Protein chains: 2
Amino acid sequence: MSGVLKDAIRVERPAKTLRELALDKVREAIVNGYFRPGDRLVERDLCAQLGVSRTVVREVLRHLESEGLVANLPNKGPIVALLDIEEAKQIYEIRGALEGMAARLCAERGSPEIVAALDESLTAIRNGYRDSDMAAVLTNTSSFYQTLFTRVDRHVAWGVVNLLTVRINHLRSMTIKTERRGIEGPLQMSKIVDAIRRGDGEGAYRAAMDHVAAASAIAEAVLSAQKPAE
Amino acid sequence: MSGVLKDAIRVERPAKTLRELALDKVREAIVNGYFRPGDRLVERDLCAQLGVSRTVVREVLRHLESEGLVANLPNKGPIVALLDIEEAKQIYEIRGALEGMAARLCAERGSPEIVAALDESLTAIRNGYRDSDMAAVLTNTSSFYQTLFTRVDRHVAWGVVNLLTVRINHLRSMTIKTERRGIEGPLQMSKIVDAIRRGDGEGAYRAAMDHVAAASAIAEAVLSAQKPAE
DNA sequence: AATCGTATTATGGCCTACCAAATACTGTAG
DNA sequence: CTACAGTATTTGGTAGGCCATAATACGATT
């Protein structure tokens with residue numbers, strides 16, 4: 001049997017442990033609102049719902065806790081973390097600093113491939129708004145920023161941004177639906193791309209900051225309009 | 001019985017679970033070098049060493065994994081994460097962005113209390129260098145930055161910085177011992193304080209960035225001098 | 001009827017024991 | 001000396017149990 005063939009037919013293992021699958025499921029469930037902020041996450045119930053053992057559930061809860069998606073009340077157990085408006089603003093601020101940094105680096109790199117990739121995501125975002133396909137808007141916004149970070153090899157910063165982003169995910173899906181966001185959002189993002197295209201690091205930095213600041217302002221409005229109602 | 005008294009005599013419970021104690025122990029052991037990068041962390045060995053069950057050990061390992069201190073090799077198990085020089089540089093870069101941001105905010109706030117607190121930490125750092133007490137240098141450097149972040153209520157950013165910092169902790173203790181660091185480090189930090197004192201946001205930002213950049217450069221030198229030797 | 005004390009329940013924290021699968025090691029037969 | 005089979009190691013995952021605590025419900029007593 002040839003070594004080459006052996007490699008060729010090598011079966012791609014799922015490679016995902018049950019724990020990781022469960023982790024994704026629960027995170028997904030929190031992010032998309034199946035579990036609401038404040039909901040208790042009872043271990044044994046989760047076992048039943050996920051069809052896994054308590055060991056796995058507990059590891060998943062620990063992991064989500066360190067991600068900030070789950071909070072652990074002493075002597076009461078884990079709940080879905082509540083999103084504090086102050087915290088949300090700080091998260092947006094951090095994203096601004098990091099995305100601005102990445103945008104500047106992209107501009108300084110001056111690679112046409114980056115601009116092309118960003119344009120592609122941006123077009124997809126515009127189409128998403130046109131078709132009212134908010135899921136598409138979210139995933140392509142994500143890939144827009146992923147490009148920004150990973151094309152200049154800032155994987156750690158991308159990881160941080162991702163970590164923080166899941167915590168404000170419900171906010172993201174709300175801000176995105178805002179009336180004017182469908183126009184202004186892509187406009188601001190295209191300013192980032194333009195600055196990168198002309199190699200304007202400082203402009204790219206500011207454009208990225210502006211975009212996040214706008215998102216933050218909308219989020220604040222949404223949150224403070226919502227909180228009193230509870 | 002008076003309500004005031006009731007609060008006054010409220011018994012302080014340890015409140016720490018076994019898991020948290022174990023987590024701290026293991027993290028500490030990794031950070032201070034008892035476990036070296038690349039070392040395997042065999043669950044059952046840890047159970048024996050910590051005197052706890054596998055349940056606890058596994059949760060601890062998961063937690064450290066999500067902190068980036070532990071890496072999990074598929075089908076082989078957890079090891080202490082190896083520090084890649086590229087990753088270290090990125091971490092320093094992120095710290096620069098966030099600490100710069102915090103320094104700017106402190107300068108804009110213009111509160112004498114902040115300056116006083118920073119000065120106090122800085123003095124302690126200088127004393128630490130004078131007495132060759134590197135542990136003191138580290139903890140006071142930490143409190144310097146903690147002041148920078150928490151006095152302007154940036155707890156999330158402080159959390160991010162902390163999370164990243166533990167990953168480069170061995171580097172920190174090495175860069176700190178570098179010959180000229182004992183002079184230049186405090187000098188750069190005093191520039192941050194000076195800029196804050198005169199309300200110069202931009203200057204504080206740049207000074208904070210410079211300080212981290214210098215640390216990064218030293219770390220790079222140390223690491224690349226060390227890696228080939230292995 | 002109001003209050004005080006006592007089961008009961010729900011739940012998390014922690015433990016032991018077990019099995020399956022993958023990997024690493026080891027000794028033996030050819 | 002090599003190939004191969006068996007053995008130990010170790011993780012991933014499961015099952016189930018014990019204990020402590022907190023909350024709640026339920027009486028019993030005054």
Side-chain angles (χ1 to χ4, degrees), chain A residues 1-3 6-7 9-27 30 35-36 38-67 69-82, chain B residues 1 3 6-7 10-27 30 35-36 38-67 69-82:
Chain A
M1 194 186 294
S2 119
K6 212 169 165 186
D7 272 4
I9 64 168
R10 181 172 210 89
V11 52
E12 288 291 339
R13 275 182 298 181
K16 284 230 178 187
T17 67
L18 193 54
R19 205 183 60 237
E20 290 171 294
L21 295 174
L23 175 61
D24 290 343
K25 282 265 189 242
V26 178
R27 188 193 289 113
I30 293 176
F35 293 125
R36 316 283 285 275
D39 281 2
R40 293 191 61 184
L41 298 170
V42 177
E43 288 181 8
R44 288 168 173 89
D45 292 355
L46 283 178
C47 291
Q49 292 186 55
L50 294 168
V52 298
S53 70
R54 258 184 92 195
T55 310
V56 171
V57 168
R58 290 181 56 117
E59 286 174 344
V60 166
L61 289 175
R62 289 319 147 227
H63 196 116
L64 292 172
E65 194 183 342
S66 72
E67 279 184 18
L69 272 182
V70 164
N72 224 329
L73 308 182
N75 292 327
K76 264 186 106 178
I79 63 170
V80 177
L82 297 161
Chain B
M1 194 188 295
K6 212 169 164 187
D7 271 3
R10 181 169 211 90
V11 52
E12 291 285 341
R13 273 181 300 182
K16 281 230 178 189
T17 67
L18 193 55
R19 203 184 64 238
E20 290 170 294
L21 295 174
L23 175 62
D24 290 343
K25 281 264 188 243
V26 178
R27 189 194 288 113
I30 293 176
F35 293 127
R36 316 283 286 276
D39 281 2
R40 292 191 61 184
L41 298 170
V42 178
E43 287 181 7
R44 284 170 173 88
D45 291 356
L46 284 177
C47 293
Q49 292 186 57
L50 294 169
V52 299
S53 74
R54 262 186 86 200
T55 312
V56 170
V57 168
R58 290 179 58 149
E59 287 173 25
V60 166
L61 288 174
R62 291 317 147 226
H63 196 113
L64 292 172
E65 194 183 340
S66 74
E67 278 184 17
L69 271 184
V70 164
N72 225 328
L73 308 182
N75 294 325
K76 262 186 104 181
I79 62 171
V80 178
L82 296 162

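Just so we're on the same page: letters track the sequence lines, and every chain starts at 1. Values in this document were obtained by computation on a predicted structure and should not be read as measured data.
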How many angstroms lie between atom [atom1] of [X] and atom [atom2] of [Y], to the nearest 0.5 angstrom?
X       : Y       : atom1 : atom2 : value
B/Thr17 : A/Asn75 : OG1   : CG    : 10.5 Å
A/Asp24 : A/Arg27 : CG    : CZ    : 5.5 Å
A/Leu61 : A/Ile79 : CG    : CD1   : 12.0 Å
B/Glu20 : A/Asn72 : CD    : CG    : 8.0 Å

Review item, side-chain donor-acceptor pairs of residues 43-50 of chain A, under 3.5 Å, at least two apart:
| unit_1 | atom_1 | unit_2 | atom_2 | d |
| --- | --- | --- | --- | --- |
| A/Glu43 | OE1 | A/Arg54 | NE | 3.0 |
| A/Glu43 | OE1 | A/Arg54 | NH2 | 2.9 |

Open item on the list: Can you build the contact string for nucleotides 6-16 of chain C? Use B for base contact, S for sugar-phosphate-only contact, and - for no protein heavy atom under 4.0 Å.
Closed with: -----SBBBBB

TODO: Applying side chain to side chain donor-acceptor pair (under 3.5 Å) between A/Arg62 and each of B/His63, B/Glu65, B/Glu59, report the one that passes.
DONE: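 Exactly one option meets the side chain to side chain donor-acceptor pair (under 3.5 Å) with A/Arg62, and it is B/Glu59.
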
Task: Atom-pair distance (CG on A/Leu50; C1' on D/dG13), nearest Å - done: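 Result: 14 Å.
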
Open item on the list: What I'd like to find out is whether the side chain of B/Arg36 reaches to under 4.5 Å of the side chain of B/Val80, using heavy atoms alone.
Closed with: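 B/Arg36 vs B/Val80: side chains apart.
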
TODO: Check whether any side-chain heavy atom of B/Ile30 lies under 4.5 Å from a side-chain heavy atom of B/Val70, and answer yes or no.
DONE: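 Answer yes - side chains close enough.
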
Task: DNA chain D: stems of at least 3 consecutive Watson-Crick or G-U pairs whose donor-acceptor distances fall under 3.5 Å - done: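 DNA chain D stems, ordered by first number: C:1-30 with D:1-30.
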
